[in-house]
Amino acid sequence: MGRQKGAKGEGKAKQKATKQKRLSGNDSAGAVGDENKNSMSSPQVKTPKTEPLKSASSPRESVKQGPENDDFAAKKKGLKRKRIKDEPTEGPSHSTATPTSKKKNKRNGQEEETAGEPQRKKPTKREGKVAKKEEGEHPVSKKPKKTKEEITEARLLKIKLKEEEERSRWRWWEEEKYEDGVKWKFLEHNGPFFPPKYEPLPDNVNFYYAGKKVKLSLAAEEVGLFFAQMLDHDYTTKKVFRENFFTDWRKEMSDEERMLIKDLDKCDFKELHAMHTAKVEARKLMTKEGKLAVKEANQKIVDDFGYCLLDHHRERIGNFKIEPPGLFRGRGEHPKQGMLKKRIQPEHVIINCSKESRIPVAPAGHHWKMVRHDNTVTWLASWTENIQGSIKYIMLNANSKLKGEKDWEKYEIARKLKSCVDNIRYQYTQDLKSKQMKTRQRAVALYFIDKLALRAGNEKEEGESADTVGCCSLRVEHITLHEKLDGNECVVEFDFLGKDSIRYYNKVPVISKVFKNLRLFLENKSPGDDLFDRLSTTLMNKHLSSLMPGLSAKVFRTYNASITLQQQLKELTNKSDNMPAKLLSYNRANRAVAILCNHQRAPPKTFDQSMANLQAKIDARKEQLSLAKTELKQAKKEAKTEVKTEAKNKGSPDSKLQTSVSQRLVERKKAAVQRYEEQLLKMEVQATDREENKQIALGTSKLNYLDPRISVAWCNNNVVPVDKIYNKSQRDKFAWAIDMTEADFEF
DNA sequence: GAGCACACTTAGAACTCTGACT
DNA sequence: AGTCAGAGTTCTAAGTGTGCTC
């Protein structure tokens, strides 16, 4: 996003300028003899750092070329898109927005201060429960004292609610798309929600400087509190964070304060911090009633600000809250971490809505910066943030038409790539031999983007953000070439920080043409130089869009992710498996994609402990199982003896009775053994899944890269309920796919 | 074609809630 | 009833990519 304006890092600016000059140059590549040994392969999934993930680790792809249905305008059944002239689905057709259906409405407590608001009707506990049940996980809880009738009733209610929700869902995917660029015809909303005003510290909470109590001005106090609240966080120990904070804090101080407070180390925030901790604690210890009151107040905010009316349908807004002020928490070694993120006032906010709609009213005593009526964009409100100078937007929720349609389109473009990826691969392999240096660099970069699912790697302004790179912005220091490594030839070792400063580390065998080109690109360069000095993402994307309309670097990520999922599912799923095993297969396929895309997470703090707990449970169960087995054996033995005795006694009633009792005991013991075996298996599968997932985040790929139709089709084919793999909000987001996908769907 | 503005998607962390277990 | 881990949700930073201006 906007690395606009602002101070530019001199060094990088210079570097950039040189690169640009080179970019426009037209020199040719040195002769490089080469031949293509390995056939083209892609995408390559990195080996996970935790544990060999055999099943999921190398989804070699062999693209099946199907006469696919390329047209986004949809030809599959139920896809005819006919727009009923902008018409009223009106009234209760509030898409997914029936109040009871919205269990998501619990809000964070950030605005607990506002909780004094009049309370409003909101789903009762019971309704909440029903909505929760609707989640489908465990329809019937083992709560005692529920009569059969009640259970049936609850079940019926659940079904009814589901049906109701289905009926009221806006099936936008069956309508015709608007003409190019138009995003909506009617848009009405209540504007954004502003965070509560700052509340001054109580008299018994003080700030001290050099041991002396200092009463700060309101502005300085507020910013000081931001820091105090973060004292438990690592951020506050970082030099850059502290310096940035202190500089910005001093700007908020009065002249007097500035004269006095010159050293952050002499600042004592203890009481402020303690107050904060106490507040957090108090919130946890609140009574049921108190918690309920807060919840209701939050619900009211959602009701008032969380929805908009878009083309006669009520749609949920994704982020209707203005971001509260605070200290900037950049990721990685961000040069601006700790800077003050200023409070946004209505005077900073631009509103976007229909001319003929009810224009949102600014908070009392305020006015908007501007009111626009631009239906070629999807945002409802925007403001410019003061750290990077970039624009922030208020937009719709992922389950909205605007987001869903775009998502669908994204996957259709990726599917289109499937039909021409072979040609494109052939072309860039040819380009590896080009006379033009520019073309060769583009070819090698594209090889990486395709094979490794690297991000494009836009240029970044130095000093504006952490030093991270993507494919086109790789520098010499980020790769190491190995003629031979671990039994492979032509291995490239990557080590760099990517988006969010997540480390990408991978050793990849490449075809020799690529290897030789890389050697050439590295000649006479120092570590800080650009690897692809004649290439930019713009050039790359221009080239790609000339190969296929709509094609850009990121499409390869989507395509390779989705195709990998499809292949892995095919490879790993066993129709005769039981449910846990099938789900494990799904997760493993998902994991293969997450590894490919390098979606990592910090291992949960409690990971080792929870793993140990689970192991303990497994051990306990094993013990139970072996005991049960012994008992079963014993019971069988006894039963046998009884039968013999009965025979001896010529079937006397007494012996008969005894025999049937023993028989029943055997049955019971058998059932117990079976039950323990099942439980054990389930836990073992869970343990495997969890271990393999230690450092891998599945959510990002599931939400952004995997065509949901692949998953839905897999569910249909394997008799797995969709809610086993998608939770409620994911099902809402992918409603279009769940509705239209048939078992024979092929990505 | 460089530089910027803008709009949008993608990302992991932080926070909150729920339900299993004791 | 209380505790706690994991699931789900929210938050907002950090990317991508296009189109306009000079």
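Atom set for the values below is all heavy atoms of this structure, side chains included, hydrogens, waters and symmetry mates excluded. Quantities reported herein were computed from a predicted structural model and do not represent experimental measurements. Labels below follow one simple rule: chain letters A, B, ... track the order of the sequence lines, proteins then strands, and each chain is numbered from 1.
Between A:D467 and A:R475 there is a salt bridge, with a side-chain nitrogen of the basic residue lying less than 4.0 Å from a carboxylate oxygen of the acidic one. Between A:K284 and A:E281, at least one side-chain N (NZ, or NE/NH1/NH2) sits under 4.0 Å from a carboxylate O, which counts as a salt bridge. A salt bridge does not link A:K177 to A:E405: none of the charged side-chain nitrogens sits closer than 4.0 Å to a carboxylate oxygen. We find that A:E323 and A:R343 are not joined by a salt bridge, their nearest charged nitrogen and carboxylate oxygen being 4.0 Å or further apart. A salt bridge links A:K728 with A:D732; the closest basic N to acidic carboxylate O contact falls under 4.0 Å. Between A:R331 and A:D500, at least one side-chain nitrogen of the basic residue sits less than 4.0 Å from a carboxylate oxygen of the acidic one, meeting the salt-bridge criterion. Between A:D304 and A:K300 a salt bridge is recorded (basic side-chain N to carboxylate O distance below 4.0 Å).
Backbone-only contact: A:T468 has heavy atoms under 4.0 Å from sugar-phosphate atoms and none from a base. At the heavy-atom level, A:I502 lies under 4.0 Å from the strands shown only through sugar-phosphate atoms. Using a 4.0 Å heavy-atom distance criterion, A:A602 is classed as a sugar-phosphate-only contact. Among the atoms of the strands shown, only primed sugar atoms or phosphate atoms (P, OP1, OP2) are found under 4.0 Å from some heavy atom of A:K183. Within the nucleic acid shown, A:K499 comes within 4.0 Å of at least one base atom, counting heavy atoms only. Residue A:K341 is classed as a sugar-phosphate contact, given heavy-atom separations below 4.0 Å to backbone atoms only. Across all strands, A:G498 comes closer than 4.0 Å only to sugar-phosphate atoms, never to a base (heavy-atom distances). Using a 4.0 Å heavy-atom cutoff across all strands shown, A:G457 reaches sugar-phosphate atoms only and no base atom. Residue-level contact check: A:N458 touches the bases, meaning some heavy atom is under 4.0 Å from a base atom.
Listed candidates were B:dG12, C:dT16, B:dA7. Nearest to the side chain of A:A697 is B:dG12. Checked against C:dT12, B:dT9, C:dT10, the side chain of A:R316 finds its nearest nucleotide in C:dT10. Comparing atom distances between the A:N704 side chain and each of B:dA7, B:dG12, B:dT10 picks out B:dT10 as nearest. The side chain of A:K403 has B:dC8 as its nearest neighbour among C:dA13, B:dG12, B:dC8. Minimum atom distance to the side chain of A:S729 is reached by C:dT9, of the listed C:dT12, B:dT18, C:dT9. The listed nucleotides are B:dT10, C:dG8, C:dT12; the one nearest the side chain of A:K392 is C:dT12.
The phosphate of C:dC11 has OP1 or OP2 within less than 4.0 Å of a side-chain N or O from A:K321. Close to B:dA11, at under 4.0 Å from its OP1 or OP2, lies a side-chain N or O of A:H599. Phosphate proximity of B:dA11 to A:Y705: present, with a side-chain N or O under 4.0 Å from OP1 or OP2. For A:R557 and C:dT16, the shortest distance from a side-chain N or O to OP1 or OP2 is not below 4.0 Å. At the phosphate of B:dC6, neither OP1 nor OP2 sits under 4.0 Å from any side-chain N or O atom of A:S382. Checking the phosphate oxygens (OP1, OP2) of C:dG15, a side-chain nitrogen or oxygen of A:K460 falls inside 4.0 Å.
Distance, A:I725 CD1 to C:dG8 C1': 16 Å, rounded to whole Å. Rounded to whole angstrom, the span from the NE2 atom of A:H233 across to the P atom of B:dA13 amounts to 10 Å. Distance, A:N319 CG to C:dT10 P: 11 Å, rounded to whole Å. Going from atom CD of A:Q388 over to atom P of C:dT12 covers 15 Å, rounded to whole Å. Distance NZ (A:K410) to C1' (C:dG15): 14 Å, rounded to an integer number of Å. Atom CD1 in A:I317 sits about 13 Å away from atom P in C:dC11, given to the nearest Å. In this entry the distance linking CH2 of A:W184 with P of B:dA7 reads 13 Å, nearest Å. The NZ atom of A:K342 sits 19 Å away from the C1' atom of C:dT12 (whole-angstrom rounding).
Under the 3.5 Å distance criterion, the side-chain polar atoms of A:T277 are matched with a main-chain donor or acceptor of A:H273. Side-chain atoms of A:N244 come within 3.5 Å of backbone N or O of A:Q337 as a donor-acceptor pair.
No more than 12 heavy atoms of other residues, nucleotides or ligands shown are found within 6.0 angstrom of NZ on A:K342. For A:K291, the NZ atom is densely surrounded, since the number of other residues' heavy atoms within 6.0 Å is greater than 12.
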Can you pull every protein N or O that's under 3.5 Å from an N or O on nucleotides 18-22 of chain C?
none

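Of the two residues near DNA chain B, A:K406 and A:R331, the one whose nearest nucleotide lies more 5' is A:K406.
Contacts between residues 372-380 of chain A and DNA chain B, defined by a heavy-atom separation under 4.0 Å, are made by A:R372, A:T376, A:V377, A:T378, A:W379.
A:F328 and A:H334 have their aromatic ring centers within a separation under 6.0 angstrom.
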